[in-house]
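Following: one structure in structure tokens, then a few remarks.
Heavy atoms only: backbone and side chains are in, while hydrogens, waters and symmetry mates are out. From a predicted model like this one, the values you see are computed outputs, not experimental measurements. One-based numbering, in listed order, for ligands and for the atoms of each.
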Amino acid sequence: MTQEELFKKLIAHCKEYGFIFPSSEIYDGLGAVYDYGQNGVELKNNIKRYWWDSMVKLNENIVGIDAAIFMHPRTWEASGHVAAFNDPLIDNKDSKKRYRADVLIEDWMAKQDEKIQKEVDKARKRFGDAFDEEQYLATSPRVADIAAKRDAVHKRFADALNNSDLAELKQIILDCEVVCPISGTRNWTDVRQFNLMFSTQMGSTAEGANTIYLRPETAQGIFVNFLNVQKTGRMKLPFGIAQIGKAFRNEIVARQFIFRMREFEQMEMQFFVRPGTEMEWWNKWKETRMAWHRALGFGDDNYRFHDHDKLAHYANAATDVEYNFPFGFKEVEGIHSRTDFDLSNHQKFSGKKIQYFDPETNESYVPYVVETSIGVDRMFLQVMSAAYTEEKLEGGDQRVVLKFPAALAPVKVAVLPLVKKDGMPEVARKIVDELKYDYNVVYDEKDSVGKRYRRQDAVGTPFCVTVDGQTLEDGTVTIRHRDTMAQERVTVEELRRRVDEECSYRKLFKKLSL
Ligand code: ATP
């Protein structure tokens with residue numbers, strides 16, 4: 001199965017098992033907008049809780065807020081979004097499809113890396129055990145040729161982005177002979193800038209109407225509340241403010257399912273520090289955030305950092321945490337050193353002093369900011385891609401199982417009476433009643449136990465509990481474990497202890513060593 005086929009199956013699975021539906025599907029959907037179903041919302045809430053608690057509960061100096069989506073329009077002038085929140089777009093004249101010019105070039109560069117990898121794989125086959133990858137990479141003329149071309153394009157690309165040179169971006173696309181994946185032609189328009197903010201009107205009359213924006217990031221709600229939180233919480237630097245909320249971007253190209261949406265959710269944390277210490281904190285947050293991702297156990301090699309070629313207008317250092325999606329390594333989270341850009345600009349645009357009095361140095365200054373910014377939906381897709389597994393079973397059967405970390409699983413326990421009689425349903429219901437105050441538990445009595453197991457595997461339920469004749473005699477139940485399919489008999493008290501231990505966030509948090 002190719003990665004593309006795998007991704008298609010994953011999307012179909014998300015729909016079939018109530019994780020994600022296209023928005024307003026009965027009207028044929030709305031581009032790049034999605035709804036979360038009964039299992040999706042549980043997984044999403046669990047991801048949010050993993051993030052929120054790791055920030056707000058585990059760190060004494062981080063507190064949360066929940067700011068409004070609508071903000072005063074001047075906010076977006078101060079933040080630079082009105083002037084500079086643009087993507088370079090390019091159209092193919094034959095297919096009439098629109099693309100982001102930067103993404104086309106990045107994809108071309110990724111293809112060169114794939115070419116190099118193919119050369120390495122070929123050579124490994126040829127040389128067998130004697131193969132020395134490092135030496136091969138250093139000496140192969142073919143690899144040197146591909147790498148030189150890629151590096152030259154990389155340099156031109158970074159320069160073009162930094163100089164906002166749209167003509168040069170188009171020239172790179174032409175020089176690299178990038179073709180439209182739909183029409184297969186190189187018949188491109190010029191590259192143009194496109195502002196990504198959605199606007200709407202506020203006010204009851206058209207005359208009094210004011211253009212306001214749907215926020216394209218949650219961060220500004222934190223910046224404008226910096227003093228409110230600092231004063232009312234008597235916060236001392238360094239400290240952080242965390243927030244989870246919706247953001248909206250009129251993305252030019254919305255592809256890859258929930259990877260790039262027009263309405264999505266962000267989990268952002270702005271960490272305010274003394275000027276001059278921002279690099280130290282930026283490095284610390286890089287490490288902390290990578291540990292958070294890796295604690296989920298999806299394989300350390302599936303994550304990497306990718307430093308930005310072009311720094312945003314507000315940043316002096318920026319890196320992305322990338323995950324190895326079925327469509328390649330792509331950004332899940334950004335870690336940015338934003339300097340004092342935002343707070344200083346809000347000070348300027350609002351005319352209100354936004355400064356911190358540092359009791360240690362007896363000085364007032366505008367703090368610097370290091371932010372961690374992750375998309376809930378992108379994280380959801382990351383977890384889904386990592387968890388989705390197809391397995392061949394003994395006897396030729398196949399199963400699809402979502403191997404979620406238990407704390408994130410939408411349903412923790414399924415309670416299954418072996419048969420619908422002899423008092424088994426009543427005992428099973430009692431177990432559900434005992435567990436339901438603490439966990440999301442389901443009761444299922446339809447079909448054979450085997451079929452019920454498959455249904456729970458497909459939504460990633462870590463524990464299936466079967467009530468049978470012996471339960472009625474000695475009060476023990478069978479636990480069937482999702483990943484190993486191993487079964488064991490335990491008492492109901494022991495069941496509770498197991499669920500507690502496996503499903504608690506504590507298990508994940510301990511890996512963060514905070
Ligand atoms: P990209 O380069 O993919 O457009 P970005 O660098 O503009 O992303 P940021 O502005 O740094 O993204 O946003 C922080 C995080 O918010 C991203 O790492 C991503 O997880 C999430 N995010 C951004 N845009 C979208 C979107 N359109 N749909 C879903 N998630 C998004």
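- Annotation: atom 16 (O) of ligand 1 to nearest protein heavy atom, Gln266 NE2, 3.3 Å.
- An N or O contact shorter than 3.5 Å links Arg378 to ligand 1 by distance.
- With a 4.0 Å cut-off on non-hydrogen atoms, Arg262 does not touch ligand 1 at all.
- If you take CD1 on Ile335 and CD1 on Ile374, they are separated by 9.0 Å, rounding to the nearest 0.5 Å.
- Of all the heavy atoms in Leu237 and Pro367, the pair that sits closest is CD2-CB, 4.1 Å.
- Ring geometry, Phe257 versus Tyr34: the interplanar angle exceeds 60°, so the pair is classed perpendicular (tilted spans 30 to 60°).
- If you look at His336 next to ligand 1, the close heavy atoms, those under 4.0 Å, all belong to the side chain.
- Remark: among candidates Glu333, His308, Glu322, Arg249, the nearest residue to atom 23 (C) of ligand 1 is Arg249, based on non-hydrogen atoms.
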List the steps and the verdict of ring pair (Phe, Tyr, Trp, His ring centres under 6.0 Å) for Tyr356 and Phe272. CA-CA 10 Å; Tyr356 171 77; Phe272 300 92; 9.6 Å; no
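- Looking only at heavy atoms of the protein, atom 1 (P) of ligand 1 is closest to Arg260 NH1, 3.6 Å.
- Annotation: atom 30 (N) of ligand 1 to nearest protein heavy atom, Phe264 CD1, 3.5 Å.
- At the shortest separation from atom 17 (C) of ligand 1 among protein heavy atoms lies Glu331 OE2, 3.3 Å.
- Taking the six-membered ring wherever Trp is involved, the centroid distance between the rings of Phe19 and Tyr17 does not fall below 6.0 Å.
- Below 3.5 Å of separation, one finds an N or O of Gly375 facing an N or O of ligand 1.
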Do Trp285 and Thr372 pass the side-chain hydrogen bond (donor to acceptor under 3.5 Å, both in side chains) test, and can you show the C-alpha distance, the side-chain angles, and the key distance before you say yes or no? CA-CA 7 Å; Trp285 278 108; Thr372 71; over 6 Å; no
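- The six-membered or imidazole ring of His293 lies away from that of Tyr323, with a centre-to-centre distance of 6.0 Å or more.
- For Phe223 against Leu343, the heavy-atom pair with the smallest separation is O-CD2, 3.6 Å.
- Every atom of ligand 1 is numbered from 1 in the order shown, and the set under 4.0 Å from a heavy atom of Arg100 is 4 (O).
- Remark: Phe226 CZ to Met235 CE distance equals 10.0 Å, nearest 0.5 Å.
- When all heavy atoms of Met197 and Asn195 are compared, the pair lying nearest together is N-OD1, 2.8 Å.
- Taking only nitrogen or oxygen atoms, main chain and side chain alike, Glu251 reaches within less than 3.5 Å of ligand 1.
- Closest to atom 29 (C) of ligand 1 among all protein heavy atoms lies Phe259 O, 3.4 Å.
- At least one N or O atom of Val332, backbone or side chain, sits closer than 3.5 Å to an N or O atom of ligand 1.
- Ranking the protein heavy atoms by distance from atom 14 (C) of ligand 1 puts Ser373 OG, 3.0 Å first.
- Heavy atoms of Glu106 stay at 4.0 angstrom or farther from ligand 1.
- The closest heavy-atom contact to atom 28 (N) of ligand 1, among the options Met261, Glu265, Glu217, Met267, comes from Met261.
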